[in-house]
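Everything numeric in this text was worked out from a predicted model, so none of it was measured.
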Amino acid sequence: MKVTQIEALSKTRSKIYIEGEFAFVLYRGELRLYHVREGEEISEQDYRAILDEVLPKRAKLRAMNLLQKREYTVEELRRKLRQGCYPPEVIEEALSYVASYRYTDDMRYAEDYITVHAEDRSRRRIEQDLMAKGISKDTIEKAWQVWQDKGGVWDEQEQIWNLLRKRNYDPAGADQKERQKTYAFLMRKGFSTETIHRVLRAEEYFD
């Protein structure tokens, strides 16, 4: 296998191309240690050592460091490791490692997210947020069920009323500009136009 290009990423890191294709990123000291030189062959032994030992260890440490700062979904963590230019097989090994210690758990993440945002976001908005984080619809549905089994009650009209009360919205005194502003605010929260109109017309709830 021939190292066809070494492209500097920073003063300490470089992207390595083998047989014309990107292979991995190495630090300067690793280039010397594993005899990686542009235009020269890399031995099978050194190549396997990089893929089987060096990169998996680094990817696992990177994943652990990220998870120390905040919780990630599996897909969010995968994206972060991709940004670090780790090979796909190395990424999956790192993800399996942290999952084995339950450092990542999409079901737990979804349950917590629902609990935190059940009062200020619509169900549709919450589901969109979770899917954008890479959580499957099936997992989201199960998380809703667990949340409800634990006593969670979903009432979007009540959510809207509470949000408007917090904004000191006065339906009787609101002019057209304020109504439009309020409507846009609720739409951003993910509530349906039908529910928004129903609540905004129900002035008795603001007494």
Side-chain angles (χ1 to χ4, degrees), residues 62-84 86 91-92 94-207:
R62 172 61 174 158
M64 294 290 286
N65 287 335
L66 287 167
L67 289 166
Q68 284 181 347
K69 297 176 182 178
R70 72 171 181 85
E71 191 168 9
Y72 285 81
T73 66
V74 174
E75 183 58 29
E76 284 179 321
L77 202 56
R78 181 180 285 112
R79 292 170 190 166
K80 279 289 188 180
L81 293 176
R82 283 175 182 161
Q83 291 173 8
Y86 291 99
I91 292 175
E92 296 309 313
L95 292 176
S96 295
Y97 174 80
V98 294
S100 69
Y101 290 96
R102 288 185 59 82
Y103 294 139
T104 54
D105 186 330
D106 282 358
M107 183 70 175
R108 181 184 67 216
Y109 188 104
E111 289 177 44
D112 291 345
Y113 196 89
I114 290 169
T115 300
V116 170
H117 295 291
E119 294 185 0
D120 64 8
R121 295 184 188 180
S122 70
R123 178 165 180 152
R124 180 174 64 179
R125 169 66 185 279
I126 289 173
E127 291 179 353
Q128 288 173 341
D129 290 348
L130 290 172
M131 285 190 284
K133 294 175 180 293
I135 298 180
S136 70
K137 191 164 183 61
D138 182 60
T139 298
I140 295 170
E141 287 297 328
K142 291 177 181 177
W144 279 117
Q145 188 59 56
V146 171
W147 178 75
Q148 290 172 342
D149 291 344
K150 290 180 178 179
V153 178
W154 194 258
D155 186 335
E156 290 204 343
Q157 289 190 177
E158 184 66 31
Q159 280 183 298
I160 294 175
W161 296 328
N162 289 334
L163 286 170
L164 295 182
R165 291 186 186 106
K166 289 179 181 178
R167 287 170 65 89
N168 296 315
Y169 177 76
D170 178 10
D175 58 18
Q176 184 63 21
K177 183 177 180 180
E178 179 63 20
R179 292 192 191 97
Q180 291 176 342
K181 184 178 179 180
T182 300
Y183 180 85
F185 164 74
L186 295 172
M187 286 293 290
R188 288 194 297 273
K189 292 290 185 179
F191 297 106
S192 68
T193 56
E194 180 183 355
T195 306
I196 294 172
H197 284 307
R198 185 185 306 124
V199 173
L200 293 181
R201 287 195 300 265
E203 295 189 12
E204 65 271 19
Y205 290 102
F206 300 93
D207 293 339

Could you please spell out the steps behind the side-chain contact (heavy atoms from CB on, under 4.5 Å) verdict for His117 and Asp129? CA-CA 11 Å; His117 295 291; Asp129 290 348; 5.8 Å; no

With distance as the sole test, does [X] use its side chain to make a donor-acceptor pair with the main-chain N or O of [Y] at under 3.5 Å?
X      : Y      : result
Thr195 : Phe191 : no
Arg108 : Arg102 : yes
Arg121 : Ile126 : no

Any chance you could measure [X], atom [atom1], to [Y], atom [atom2], to the nearest 0.5 Å?
X      : Y      : atom1 : atom2 : value
Tyr86  : Lys80  : OH    : NZ    : 12.5 Å
Arg198 : Glu156 : CZ    : CD    : 9.5 Å
Met187 : Thr182 : CE    : OG1   : 13.5 Å
Asp106 : Thr73  : CG    : OG1   : 5.5 Å
Glu71  : Thr104 : CD    : OG1   : 8.5 Å
Asp120 : Arg125 : CG    : CZ    : 8.5 Å

Report yes or no: do [X] and [Y] form a side-chain donor-acceptor pair below 3.5 Å?
X      : Y      : answer
Glu111 : Trp144 : no
Asp155 : Gln159 : no
Asn65  : Arg62  : no
Arg78  : Tyr72  : no

Flag side-chain contact, heavy atom, 4.5 Å: [X] against [Y]:
X      : Y      : answer
Gln128 : Arg124 : yes
Ile135 : Tyr113 : no
Arg79  : Lys133 : no
Ile160 : Lys189 : no
Leu186 : Leu164 : yes

Identify the two heavy atoms, one from Ala143 and one from Ala110, that lie closest to each other, and give their separation to 0.1 Å. CB-CB, 3.6 Å

On a heavy-atom basis, which atom in Ala63 and which in Val98 lie closest, and how many Å separate them? CB-CG1, 3.9 Å

Derivation of the salt bridge (charged side-chain N to carboxylate O under 4.0 Å, His left out) call for Arg82 and Glu92: CA-CA 10 Å; Arg82 283 175 182 161; Glu92 296 309 313; 5.7 Å; no

Take Tyr109 and Glu76 through the side-chain contact (heavy atoms from CB on, under 4.5 Å) test and state the conclusion after the steps. CA-CA 12 Å; Tyr109 188 104; Glu76 284 179 321; 4.0 Å; yes

Taking the basic N atoms (NZ, or NE/NH1/NH2) and the acidic carboxylate oxygens, is any pair closer than 4.0 Å for Asp175 and Arg179? no

Does atom CD of Glu119 have more than 12 heavy-atom neighbours from other groups under 6.0 Å away? no

